[in-house]
Amino acid sequence: MHTEIIEKLANTHDLTDDELRLLINERSDSDAALLAQKAAATRDRIYGKRVFMRGLIEFSSICRNDCLYCGLRRSNTSAERYRLTKDEILSCTDEGYALGLRTFVLQGGEDSAFTDELLCDIVSAIKQRHQDCAVTLSVGERSRRSYERLFEAGTDRYLLRHETADEEHYGRLHPKELTLAKRMRCLNDLKEIGFQTGCGFMVGSPFQTTDHIVSDLRFIKEFRPQMVGIGPFIPHKDTPFRNMSAGTAELTIYLLSIVRLLLPDVLLPATTALGTISENGRERGIMAGANVVMPNLSPVSVRRKYLLYDNKLCTDSEAAENIAQLKKQIQTTGCDLVTDRGDHISKT
Ligand code: SAH
Ligand code: SF4
């Protein structure tokens, strides 16, 4: 058991790379329990026992990119493609608002039909209709000028996972036109422009080693994002990567605690992917220090078409219509699901 290292992490919010490596490689149930306890207490100190909701609107399954791990990659000819209109997106936000959601995440493939003009128009329409709401975009890599325009249109937050902080590993997960340098340029732009910015990575992605995870954690600590999205890699049948490593759910939960302790004020989702591979996965993520969930607000007719990975959950408590059920599940963790924008609280 690594009590001393965990106490150091909880007290100083940092560790050396060697200590992080040890904590990951030699993890045990008792380490996980102590980390979870410290991480939840750290979250409570800053945000209270409050879990924030983000209504996820998957507005386009069309993508020009070919990330090897993703079911929406352009070379997957079996993927069903759709895009929502502005009016359809606005119906989603109206419905979400009535359900108590105060943050909308517009996520999609890198779809060239969504020009700056169109996205800005959609964002400003949402902000005008729901002035007490935050809008988050998750639409991949764009130019700095484009990010600036989206920010000026009222976008509050932007999610762009770095996927892996190791260049060589990045190269094995992406086609050669996608590079870690470009991804980092985007993330730096987003943060400088003033978005609440989220990075993150998949746990158990193909070829991932402990050293890669240590690099990811080091990058997260140094970049100081306001949000961190980490979730399990889940294979999609039409991609070259078909295997999932054992213990991914446990490792994901363990890393959620470490991220909470590295960045006490971070907004940290317990992802739907975690709920997909482990029953009670989201609840366990909350008990380990996460404080965000992202119910699905996409129109029911498209939910089964936005398949980043196989067996994606979208009908039970992941569905925004079933918030009452989600609320009960979150209550089992001792936390409360709240109606709130859930902005980042800066503690530095
Ligand atoms: N196109 C945008 C947003 C959609 S993809 C983008 O790439 O940023 C959003 C996230 O889904 C990606 O960052 C990736 O980390 C995750 N993802 C993709 N394929 C996945 C898979 N097979 N398993 C788990 N997560 C996956
Ligand atoms: Fe497109 Fe995002 Fe999937 Fe990459 S991860 S193929 S950018 S949807």
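Just so it is clear, the values below take in all heavy atoms, side chains as well, and ignore hydrogens, waters and symmetry mates. Both counts, for ligands and for their atoms, begin at 1 and track the order of listing. Quick caveat: nothing in here was measured; it's all calculated off a predicted structure.
At a heavy-atom cutoff of 4.0 Å, ligand 1 is contacted by the backbone of P232 but not by its side chain. By the criterion of a heavy-atom distance under 4.0 Å, the side chain of E163, and not its backbone, is placed next to ligand 1.
The closest non-hydrogen atom to atom 5 (S) of ligand 1, taken over T239, L308, T272, comes from L308.
At the shortest separation from atom 3 (C) of ligand 1 among protein heavy atoms lies G108 O, 3.4 Å. Atom 19 (N) of ligand 1 has Y69 CD1, 3.4 Å as its closest protein atom, hydrogens excluded (heavy atom only). Taking atom 9 (C) of ligand 1 as the reference point, the nearest protein heavy-atom neighbour is Q107 NE2, 3.8 Å. For atom 20 (C) of ligand 1, the closest non-hydrogen atom on the protein side is M202 SD, 3.7 Å.
A donor-acceptor contact under 3.5 angstrom links the side chains of R282 and S317, judged on distance only. Defined by atom type and a distance below 3.5 Å, a donor-acceptor pair is present between the side-chain atoms of H2 and E26. Side-chain N/O atoms of N296 and S298 include a donor and acceptor closer than 3.5 Å.
In this structure, G200 has no heavy atom closer than 4.0 Å to ligand 1.
With respect to S138, the side chain to side chain donor-acceptor pair (under 3.5 Å) criterion is satisfied by exactly one of R157, R161, Q107: Q107. Results of the salt bridge (charged side-chain N to carboxylate O under 4.0 Å, His left out) test with E58 over R83, R303, K312 single out K312 as the only residue that passes.
By the 3.5 Å distance cut-off applied to N or O atoms, E110 is not counted among the residues near ligand 1. Geometrically, ligand 1 and I234 share a nitrogen or oxygen pair separated by less than 3.5 Å.
Shown here is D132, whose CG atom has more than 12 heavy atoms of other residues, nucleotides or ligands within 6.0 Å.
Taking every non-hydrogen atom of Y306 and a distance limit under 4.0 Å, the qualifying atoms of ligand 1 come out as 4 (C). Distances below 4.0 Å separate heavy atoms of S138 from the following atoms of ligand 1: 3 (C). Using a 4.0 Å cut-off to heavy atoms of C67, the atoms of ligand 2 that qualify are 4 (Fe), 5 (S), 6 (S), 7 (S). Near C63, meaning under 4.0 Å from any of its heavy atoms, are these atoms of ligand 2: 1 (Fe), 6 (S), 7 (S), 8 (S). Annotation for ligand 1: atoms under 4.0 Å from non-hydrogen atoms of F233 are 21 (C), 22 (N), 23 (N), 24 (C). Close contacts of ligand 1 with R161, meaning ligand atoms under 4.0 Å from a residue heavy atom, involve 13 (O), 14 (C), 15 (O), 16 (C).
Residues R142 and D116 are paired through a salt bridge, judged by an N-O separation under 4.0 Å between the basic side chain and the carboxylate. Taking the charged nitrogens against the carboxylate oxygens, R27 and E250 have no contact shorter than 4.0 Å, which rules out a salt bridge.
Taken from CG in N65 to CD in E110, the straight-line distance is 4.0 Å, to the nearest 0.5 Å.
Counting all heavy atoms, side chain and backbone alike, T272 lies closest to Y309 at C-OH, 4.0 Å.
Checking atom 2 (Fe) of ligand 2 against the protein gives no heavy-atom contact under 4.0 Å. In this structure, atom 23 (N) of ligand 1 has protein heavy atoms in its sub-4.0 angstrom surroundings.
Taking the ring axis of F52 as reference, the NZ or CZ atom of R341 does not stay both within 45° of it and closer than 6.0 Å to the ring centre.
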